[in-house]
Amino acid sequence: MFHRQAKHLSRWLLGIACSAVSAIALGESASGAISAAPAPRQSQLRYDYDYPTIGYSQTATHNRIARLQERLDRGEVTLRYEKPRGYLDSLLRALDIDPSSQALVFSKTSLQVNAINAATPRALYFNEDTYVAYVQGTGLLEFNTFDSKLGPVFYTMINEPNQRHFERENSRCLACHDTFSMLGGGVPRFLVMSSFVDANGQMVTNDTSIETTDATPIAERWAGWYVTGRSGTQAHLGNIIFKPGDVRANQVVDLPAIQRTNLDTLEGLLDTRPYPTDKSDIVALLVFEHQINVENLVTRANFKSRTLMAREHQDVATPTWAELSPKMQRMLRPMMDSIVNALFFVNAAPLMDTVTSSSGFDRWFQSRGPRDARGRSLRKLDLKTRLFTYPLSYMVYSEGFEGLPPSARDYIYRRVRDVLTGVDTSPELAHSGADERKAALEILTATKPEFARLKSGA
């Protein structure tokens, strides 16, 4: 088998659309009240029975894909079909997703497994709430987007001329991407997995895939993925392609001899002409992994907290944490603390050398703000010893975070405030300097009105 250091590999089995995963977060009405829809009588979706207050089978209308469909129906937007990628380029523009976010994976994921291999990898594109997947020659595009009422929802679109309709997917995607494989009590999630694959996209050993997070060391990430960009002296497992049958069970592989790092383009590894760029950017991959880790934690907290509050007859619109019963606080605190830790990058693997984008993703990502009056943003990248400059994640602005019950947000905001002001001195959170915490506090206060109101109050 492979050396032990390679056993926790990072294949990143993407959670996008039908192959993707869901991290469902409940939303609120404009008044702050939950839409406590009963389970549809004929629903075959397990979540409608385990979490009836969510109403996940309801029509999804509060997300970027649904809004685009409405604009298409009204004739306000026109998609352009262009070979060889069909609607992909036009859709990326319409969804405000930059091609620099492209990441290419050749492990067999999604419903289109037969079309994915090292020569025809699956391409992934994303912004802060929407993900698009493209496999050349299949005639199908996949989408996952965060709905402010229902959490992440899945869509597909036929990638052929005059086919401009998004079809929602409710069950096929969740068959794999559920905590307990839809056996009950689980929640949908993004999957970030790890395993070596050959040129056909098939696993090359008998080792099982291992789920990874942003705590996984760089040296153990991205097997089964193409990776461009500079990582300095840091080795990773991207760009390693085995010939079918080259590796046998229990065989020891000399990884340093076959590793390929610090590539500016994918020239020589595959024909990239069918794709918008010849990159599969390392910075995009790092940001993506952090982003979905937070989304997974928020999803679990949303499903569980709203369900528990309904069962305990606790008003989900309760504005402050202090107004919850002591019993409810005890049940919810561990889930909220896990989000706090993720927002503060607790256990995130450090960078051992400077990382450099090859696609321009770093510039595009940082340009999206929001910014304070001094032009500072929580999106500012460090890329020397850690991913971000400031000790608080930009995911505090995410659709998923906004979908948490008000009392949950109140608890998290108060913990964030206490950490950034130095009141909370928990050892696991004390990994940044006072100046960095002060800057993050100022940025968040200036860009997040809800937090600013709490900070100025009790």
Side-chain angles (χ1 to χ4, degrees), residues 28 30 32 64 67 95-98 100-101 126-130 146 148 283-284 286-288 290-291 294-295 298 319-321 336 339-346 348 351 354-357 360-404 406 408-425 429-458:
E28 300 163 8
R64 195 179 296 252
R67 291 190 291 270
L95 292 169
D96 193 22
I97 297 175
D98 197 81
S100 65
S101 64
F126 70 99
N127 58 20
E128 50 278 347
D129 56 48
T130 300
F146 217 106
S148 62
V283 178
L286 288 168
V287 169
F288 175 78
H290 167 70
Q291 182 166 304
V294 176
E295 287 175 333
V298 167
T320 68
W321 180 259
M336 303 312 155
I339 295 174
V340 171
N341 288 345
L343 291 175
F344 280 108
F345 310 108
V346 172
L351 301 180
T354 299
V355 172
T356 306
S357 173
F361 173 83
D362 56 340
R363 297 188 297 274
W364 175 73
F365 175 81
Q366 292 176 106
S367 72
R368 296 177 70 78
R371 299 179 179 278
D372 68 5
R374 296 170 58 181
R376 298 175 299 180
S377 167
L378 295 181
R379 286 177 175 265
K380 184 178 180 182
L381 297 166
D382 176 75
L383 302 179
K384 296 181 178 65
T385 59
R386 56 186 182 269
L387 183 54
F388 292 97
T389 296
Y390 300 113
L392 181 66
S393 173
Y394 70 98
M395 290 298 289
V396 73
Y397 304 111
S398 69
E399 292 281 350
F401 185 85
E402 292 296 331
L404 287 167
R409 296 199 305 274
D410 178 67
Y411 175 81
I412 294 172
Y413 281 140
R414 290 176 186 276
R415 284 219 60 199
V416 167
R417 178 194 62 185
D418 289 349
V419 171
L420 295 179
T421 57
V423 173
D424 187 336
T425 59
L429 299 171
H431 54 78
S432 58
D435 290 344
E436 295 168 334
R437 294 196 298 271
K438 180 175 181 291
L441 180 66
E442 293 170 348
I443 294 169
L444 189 61
T445 302
T447 57
K448 193 77 171 174
E450 187 179 26
F451 177 80
R453 290 192 294 271
L454 176 145
K455 182 174 178 291
S456 61

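Small disclaimer: the values here were computed from a predicted structure and weren't measured.
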- side chain to side chain contact (heavy atoms under 4.5 Å, CB included) with R414: which of L454, D424, V419, V423?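 Checked L454, D424, V419, V423 against R414; only one passes side chain to side chain contact (heavy atoms under 4.5 Å, CB included): L454.
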
Locate the shortest heavy-atom distance separating [X] from [Y]; write the atom from each residue and the value.
X: V294; Y: A342; answer: CG2-CB, 4.0 Å
X: S377; Y: G369; answer: OG-CA, 3.8 Å
X: S100; Y: D98; answer: OG-OD2, 2.7 Å
X: N127; Y: Q291; answer: O-NE2, 3.1 Å

With a 4.5 Å heavy-atom cut-off, do [X] and [Y] have their side chains touching?
X: V396; Y: V416; answer: no
X: I443; Y: L392; answer: no
X: L429; Y: V346; answer: yes
X: P370; Y: Y397; answer: yes
X: I412; Y: W321; answer: no
X: M395; Y: E295; answer: yes
X: L381; Y: L387; answer: yes
X: T389; Y: R376; answer: no

Centroid-centroid distance, F361 to F126, less than 6.0 Å =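 Under 6.0 Å, so yes.
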
For residues H290 and F345, establish whether the separation of their ring centroids is below 6.0 Å.
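Distance test on ring centres: under 6.0 Å, yes.
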
May I ask you to check if R409 and F401 form a cation-pi contact, with NZ or CZ under 6.0 angstrom from the six-membered ring centre and within 45° of the axis?
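No, cation not above the ring by the 6.0 Å, 45° rule.
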
First locate atom [atom1] of [X], then atom [atom2] of [Y], and finally report the distance between them rounded to the nearest 0.5 Å.
X: D129; Y: D96; atom1: CG; atom2: CG; answer: 9.0 Å
X: L286; Y: S357; atom1: CG; atom2: OG; answer: 10.0 Å
X: L351; Y: R386; atom1: CG; atom2: CZ; answer: 9.5 Å

Would you find more than 12 non-hydrogen atoms of other residues, nucleotides or ligands less than 6.0 Å from K380 atom NZ?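 It does not: K380 NZ has 12 such atoms or fewer within range.
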
Name the orientation class of the two ring planes belonging to F365 and Y394 (parallel below 30°, tilted from 30 to 60°, perpendicular beyond 60°).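 Because their plane-to-plane angle is over 60°, the rings of F365 and Y394 count as perpendicular.
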
